[in-house]
Amino acid sequence: MAKYLNEAGLALYDAKVKERLGKKADADAVPTKMSQLANDAGYITGTDVPEGAAASNTMPKMDGAACAGTETAFARGDHTHPTDTTRLGTAGDGSQVTVSFNAADGREAPASGDTLAAIAGKVAKYLSDLGLLAFKDGVSKDELDAAVQASLAKADGALQSFTETDPTVPAWAKQASKPAYTAAEVGAIPADQADTFAKKSDLASVYRYKGSVATLAELPGSDNGVGDVWNVEATDMNYGWTGAAWDPLGQIFEIQAITSQEIDAIVGA
């Protein structure tokens, strides 16, 4: 069976709650001073604050060994610590940082986990081992190693004293110097025979057969070259492109039997 509070029951409940709260307040008096507060969370209470403590006017320290301090003045909430200029900042390009390096014993590539000093030492080793020639635009023969110079001289001497003995090489090609060659020596056309051969420009306008179409209307109207030739089946004739129009390459003719009248006219009968 469900029950509910009526108006009389609700008034009685309110009176009982107020009576209970009143007894609780009498038993546990509300603290009136900060020193009466419990300090279970470790906060500083009034008893922990030295007598006469005031806000500090001392500038915040920048760098040094860790120290709890002895001053009794408290720090202001808006105090600011100065930037530690002895440390590399997290922002900026670090252009004013002085870097020392550990000299490398040999050429080694920088590896992940190397300190900046170790990387600088490896880079310095590579630069010192490059030598002066690595920074020059050109190298003369005299700047090369003695062994390299000797090898080049030996190769040059061998080339200068070389004599061709291959029997398949023509005699004219074995000569030490040859300022000019005849047409026969290089397989060229003699100058006095040049007019007997067609040039490439002479062949530019020759007829080129392209195919066959049924009617004149089907001849292509674009992308034609001079000399293109098409056969037209309707007229049974070939047409060549002049550059501006299709020109019939011939004309239609037919043979008919001569009439008696034409024969009489010929013989004068």
Side-chain angles (χ1 to χ4, degrees), residues 109 130-145 147-269:
L130 283 176
L132 295 178
L133 295 184
F135 302 99
K136 301 190 66 174
D137 295 332
V139 180
S140 66
K141 180 180 178 182
D142 295 337
E143 292 175 313
L144 297 175
D145 183 79
V148 176
Q149 294 187 41
S151 296
L152 290 175
K154 183 177 180 180
D156 185 58
L159 290 174
Q160 296 298 330
S161 61
F162 176 76
T163 301
E164 179 61 70
T165 59
D166 189 346
T168 63
V169 177
W172 58 265
K174 297 179 181 179
Q175 298 180 32
S177 60
K178 184 68 174 177
Y181 299 93
T182 64
E185 288 175 333
V186 296
I189 300 173
D192 58 352
Q193 299 180 18
D195 294 339
T196 63
F197 294 87
K199 300 178 182 178
K200 183 178 181 180
S201 58
D202 297 332
L203 304 177
S205 59
V206 298
Y207 288 138
R208 295 179 297 275
Y209 184 75
K210 306 295 289 186
S212 180
V213 294
T215 65
L216 283 169
E218 296 181 43
L219 288 173
S222 60
D223 298 329
N224 297 310
V226 176
D228 288 353
V229 175
W230 286 84
N231 176 61
V232 178
E233 298 173 358
T235 60
D236 196 23
M237 288 179 56
N238 291 336
Y239 293 80
W241 182 253
T242 64
W246 290 104
D247 181 44
L249 305 179
Q251 59 184 2
I252 301 175
F253 69 94
E254 56 180 303
I255 300 176
Q256 297 179 345
I258 191 170
T259 64
S260 298
Q261 291 80 5
E262 290 173 332
I263 295 175
D264 290 341
I266 292 172
V267 299

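A quick note: this is a predicted structure, and the numbers were derived from the prediction, not measured.
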Is there side-chain contact between Pro220 and Trp241, with at least one heavy-atom pair below 4.5 Å?
->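 No - every pair of side-chain heavy atoms lies 4.5 Å or more apart.
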
Of Asp247, Leu216, Asp228, Val229, the residue whose pairing with Tyr239 passes side chain to side chain contact (heavy atoms under 4.5 Å, CB included) =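 Going through Asp247, Leu216, Asp228, Val229 one by one, the side chain to side chain contact (heavy atoms under 4.5 Å, CB included) with Tyr239 is satisfied by Leu216 alone.
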
Without swapping roles, check the side chain of Asp236 against the backbone of Val232 for a donor-acceptor pair under 3.5 Å.
->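 Between the backbone of Val232 and the side chain of Asp236 there is no qualifying donor-acceptor contact (under 3.5 Å).
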
Any donor-acceptor N/O pair, Gln149 side chain to Leu144 backbone, under 3.5 Å |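 Checked: pair present.
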
Give, for atom [atom1] of [X] and atom [atom2] of [Y], the distance between the pair rounded to the nearest 0.5 Å.
X      : Y      : atom1 : atom2 : result
Asn231 : Lys210 : CG    : NZ    : 15.0 Å
Leu219 : Trp246 : CG    : CH2   : 5.5 Å
Ser212 : Asn238 : OG    : CG    : 8.5 Å

Do Asp142 and Ser140 have side-chain N/O donor and acceptor atoms under 3.5 Å apart?
->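 Checked: Asp142/Ser140 side chains show no N/O donor-acceptor pair below 3.5 Å.
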
Minimum-distance pair of heavy atoms, taken over all atoms of Met237 and Pro248 =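 In this case the closest contact between Met237 and Pro248 is CE-CB, 3.5 Å.
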
